[in-house]
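A, B, ... follow the sequence lines: proteins, then strands. Residue 1 opens every chain. Only this structure's heavy atoms are used, side chains among them; waters, hydrogens and symmetry mates stay out.
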Number of protein chains: 2
Amino acid sequence: MWTDNQGAEPGAERPGSARRRATIHDVARLAGVSRQTVSRAVNDKGEIDPATKERVLEAARLLDYRPSRFARGLVQKGAVTAGLVIPDLRNPFFPEVAAGVLEAAEQRGWQVVVWDSRIDEARERQALDVLSHQADAVVGYFKGPDDVLTRHLGGVPLVLLERGPQQTRFAAVGIDAATGVEQGMNHLFRAGHRRIGMLDGVHGPGPRRLAFLEQARRLGLPVDEDWVVVCPEHSVAGGEAGMERLLAARPEITAVFGFNDLIAVGAMRTARRRGRSVPDDLAVLGFDGLSLGELVDPALTTLHIDKRRLGRLAVEQVARLRAGEEPLRGADAWVVPELVIRASA
Amino acid sequence: MWTDNQGAEPGAERPGSARRRATIHDVARLAGVSRQTVSRAVNDKGEIDPATKERVLEAARLLDYRPSRFARGLVQKGAVTAGLVIPDLRNPFFPEVAAGVLEAAEQRGWQVVVWDSRIDEARERQALDVLSHQADAVVGYFKGPDDVLTRHLGGVPLVLLERGPQQTRFAAVGIDAATGVEQGMNHLFRAGHRRIGMLDGVHGPGPRRLAFLEQARRLGLPVDEDWVVVCPEHSVAGGEAGMERLLAARPEITAVFGFNDLIAVGAMRTARRRGRSVPDDLAVLGFDGLSLGELVDPALTTLHIDKRRLGRLAVEQVARLRAGEEPLRGADAWVVPELVIRASA
DNA sequence: CGGTGGCTCGTGAACGTTCACGTGAGCGTT
DNA sequence: AACGCTCACGTGAACGTTCACGAGCCACCG
C-alpha cells in the first residue's frame with residue numbers, strides 16, 4: 001500500500017519510524033558496498049578488509065539490521081527445529097522429560113519449540129497445527145487418537161510419549177508399566193498387604209490400571225474395578241480428592257497404588273487427615289520417582305522412571321524417522337521403572 | 001555433486017532413496033498442475049476443484065512433500081519466534097516462569113524455543129549464538145555482563161529475567177526483593193527472632209542479600225557478612241550443605257532466611273538432622289512460593305512470587321521492544337513477593 | 001447473440017540470503 | 001615487461017514459497 005520512494009531519491013530514509021525491517025540491500029547501499037560484502041562482515045568470514053568490515057557493521061547497527069532467518073534457512077540447509085508438546089509444565093515430571101529432550105536436541109544441534117497443551121485436547125490440536133507448519137518433527141504427549149493427529153500433522157514426523165506399540169501406529173517411546181507395577185505389587189504383597197486399592201489418573205483402562213488389575217489377579221487379591229478410583233486431576237489435590245472417595249468406598253484397604261507421585265502424595269495427606277498413619281495403617285506407593293518424593297514425610301516409596309532418558313529416547317526416535325530408518329519398536333523404546341523403597345510402603 | 005537428471009527425463013524419480021526433499025515443483029509436475037494449484041491444495045484455500053485438490057494431495061503424499069517453512073516465512077511475514085533461556089529445568093521455579101512465557105506467547109501467536117543453560121555460562125553464550133540467528137527476540141536468565149551478552153546477541157532484542165534496572169541496560173523484569181525481604185524480616189522479628197542467618201544462593205552481594213543486610217541493620221540485629229553462607233547450588237542438597245556450615249559458624253541463630261524454597265527446605269532437613277526442631281528451635285523462611293513448600297513438614301513459610309506473571313511480563317516487554325516502544329522500567333516491571341505464613345516460621 | 005460473471009487454473013515477480021564464480025588492483029618474481 | 005598470485009570485492013543465480021494478476025472456460029441473462 002505505502003508505495004513510497006517513488007523516485008528512489010537517495011537519503012529518503014526515515015530512520016526512527018516504524019517502517020519495514022532493513023535488509024542486506026539497505027546496509028549495502030548505506031555502507032557503499034555490495035550485499036556479499038555485507039554478508040561477509042556480519043558472518044565474519046574472511047576475505048574482507050577490517051576497515052570496510054567495521055564500516056559495514058556500523059551501517060548495520062545504524063539501520064538496526066538483522067538477517068532474516070528465513071532467507072538464511074532457505075539457502076543454507078541444516079537447521080532442524082523440533083516441536084515438543086507437554087501436557088502440564090506444573091507437574092514436575094514433565095519438565096524433567098523436557099530437560100532430556102532439550103539435552104539430546106542440543107547435542108544434535110537442534111532447536112526445540114515447546115508448547116504447553118495444558119491437558120486440553122483443543123490446544124493439543126492447535127499445537128499440532130502450528131508446529132506442523134514450523135517444525136521438522138514433533139514429539140509430545142497427545143490424548144487424541146491416531147487419525148486426529150494425522151489430520152493435524154500434515155505429514156510431519158511424530159513421536160508419541162508414553163504410548164505402547166499397540167496403542168498407536170506412530171513411533172513412540174513408552175514406559176514399561178507392566179514391569180513397574182509388578183515390582184510394586186510384589187513389594188506390597190511381600191509386606192503383607194492383601195487389600196490394595198488404586199488411585200488412577202485416567203478414565204479409560206490405561207496400561208497402569210490394566211497392569212494393576214492383572215497383578216492383583218495374579219496375587220489372588222480381592223480386587224475388581226471398584227477398587228480403582230479415578231482422580232480428577234494429576235496433582236496432589238487430585239490425589240487428595242481421589243483418596244477421599246477410595247477410603248469411603250473401600251475403607252478396608254491397607255495399601256494404595258498411586259498413578260503418579262503427586263497423586264500418591266495427595267493420598268498420604270488425605271490418609272493422615274483421616275486418621276490413618278502412613279505406612280503403619282496404610283501403605284502408599286507412587287509411580288514416577290519425583291525428587292519431591294524424598295522431601296515429604298514419610299518419604300514416598302515409588303517406581304522411579306528415568307525421565308531424562310525418556311526424553312532423550314524420544315529425540316533418538318525423531319532422528320531415526322528423519323534418517324528414514326525404522327524407529328525403535330521393542331524394549332529399546334521403553335523405559336523400565338525401578339522400585340525405590342523409602343518409608344511410605 | 002550429484003548432477004543427475006542431466007536429460008531431464010520424465011519419470012526419473014527414485015522415490016524411496018534418500019534424495020533431496022520434494023518441493024512444490026515436484027508435486028506440481030507429478031500432479032500435472034502448476035505450483036499455485038499445489039499451494040491452493042495444501043493450504044486449502046478456495047478456488048480449486050475438489051477433484052484436482054485430491055489428486056494434488058495424493059501426489060504430495062506420494063512424494064512425502066512438506067512445504068519449506070523458510071520459503072513460507074520469507075514471503076508471508078508475521079511468524080514470531082522468541083527464545084527462552086532457563087538456567088535449570090529441575091528447579092520447579094523455572095518451569096513455572098516458562099509456563100507464563102509460553103502462555104503469553106501463545107496468546108500472541110508466537111512460538112518459543114526453549115534452551116536449558118544448566119547454569120553454565122558457556123552454554124548461556126552458546127544459546128545466545130544460536131538464538132540470535134533463529135529467534136526474533138530472547139528472554140531469559142543470564143549471568144554474563146551486558147557487554148558479553150551484547151556481543152553474542154547480534155542486535156536481537158533481549159529481556160532479562162530477575163534483573164533490576166541498575167543491574168543492566170537491557171530491558172528486564174525483576175522481583176522486588178527489597179519489599180519481599182522486608183516483609184519476611186518483619187515477620188521473623190515480630191515472632192521474637194533476633195539472631196537471623198541467611199543461606200544465600202549466589203556469591204556476589206545480590207539483591208536478596210543486600211536487602212537482608214539492610215533489614216537486619218534496620219532492625220538492629222547483630223548481623224554481618226559471616227551470618228550469610230552461600231550454598232553450593234540452588235537445590236535442597238545445596239541448602240542442606242549450606243545449613244551445615246551456617247550452623248557450625250553461628251550456632252546461636254534462631255531463624256534462617258533462605259535464598260529460595262529449595263534451599264530453605266534443605267535447611268529444614270539439616271536443622272532436624274542436627275536435632276533442632278522447626279519452627280520451635282529454629283524458624284525457616286523461604287523465598288519463591290513453590291507448591292512444594294506446602295507438602296513438606298512443617299509447611300514452609302515463604303515469600304510467594306507470582307512466577308507465571310513474571311513470565312507474562314517478560315513477554316510483554318518483548319512486545320514493547322518489538323513495537324519500538326520504551327520497555328517498562330519502574331514498578332510495572334516488578335513482581336512483588338507476598339508473605340505466605342505457614343508452619344516453618 | 002453478445003455481454004457479464006463466476007470458477008478454475010497458470011505465470012511472472014518478489015521475499016532476503018548465501019554460493020559459486022568472476023574481476024580488477026596491487027605486488028612480487030623471473 | 002610479462003606473468004602469476006593473493007586479496008578485496010562484486011555479480012548473477014538459486015533456494016521454495018506465496019501474491020497479484022490474468023486467462024480460459026462455461027453458463028446464464030437480457
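- Among the heavy atoms of the strands lying under 4.0 Å from B:Lys45 are primed sugar atoms or P, OP1, OP2 only; no base atom is included.
- Shown here for A:Ala171 and A:Arg329, the closest heavy-atom pair between the two residues is CA-NH1, 4.0 Å.
- The shortest non-hydrogen separation linking B:Arg118 to A:Glu106 is NH2-OE1, 3.0 Å.
- Residue order along DNA chain C, read from the 5' end via each residue's closest nucleotide, puts A:Asn43 first among A:Asn43 and A:Glu47.
- End-to-end axis angle of the helix from C:dC1-D:dG30 to C:dT30-D:dA1, using five pairs per end and rounding to 10°, comes to 50°.
- You'll find a donor-acceptor pair under 3.5 Å spanning the side chain of A:Gln36 and the base of C:dC19, going by distance alone.
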Could you walk me through whether A:Lys143 and A:Glu124 satisfy the salt bridge (Lys or Arg N to Asp or Glu O under 4.0 Å) test, starting with their C-alpha distance in whole Å, then the side-chain angles of each, then the deciding distance to 0.1 Å, before giving a yes or no?
CA-CA 8 Å; A:Lys143 299 170 75 175; A:Glu124 216 174 71; over 6 Å; no
What are the atom names and distances for every N/O pair under 3.5 Å that joins the protein to nucleotides 14-16 of chain D?
from: D:dC15; atom 1: O3'; to: A:Lys77; atom 2: NZ; distance (Å): 3.1

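- One can place CG of A:Asp44 at 15 Å from P of D:dA8, the figure rounded to the nearest angstrom.
- The 5' end of DNA chain D is approached more closely, in terms of each residue's nearest nucleotide, by A:Thr52 than by the other of A:Thr52 and B:Arg40.
- Of the side-chain N and O atoms in A:Thr37, one or more sit less than 4.0 angstrom from OP1 or OP2 of D:dG10.
- More than 12 heavy atoms of other residues, nucleotides or ligands sit less than 6.0 Å from atom CZ of B:Arg55.
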Steps toward side chain to side chain donor-acceptor pair (under 3.5 Å) verdict (B:Arg21, B:Ser68)
CA-CA 9 Å; B:Arg21 245 176 65 175; B:Ser68 148; 5.7 Å; no
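- Between B:Leu321 and the options B:Val159, B:Leu158, B:Asp136, B:Val139, a side chain to side chain contact (heavy atoms under 4.5 Å, CB included) holds for only B:Val159.
- Judged by distance alone, the side chain of A:Gln317 and the main-chain N or O of A:Ala172 form a donor-acceptor pair under 3.5 Å.
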Check: Which is it for A:Glu326 and A:Arg320 under the salt bridge (Lys or Arg N to Asp or Glu O under 4.0 Å) test, yes or no, and what are the steps along the way?
Finding: CA-CA 6 Å; A:Glu326 272 304 297; A:Arg320 284 174 178 271; over 6 Å; no
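- B:Asp49 has its CG atom 16 Å from the P atom of D:dC25, to the nearest Å.
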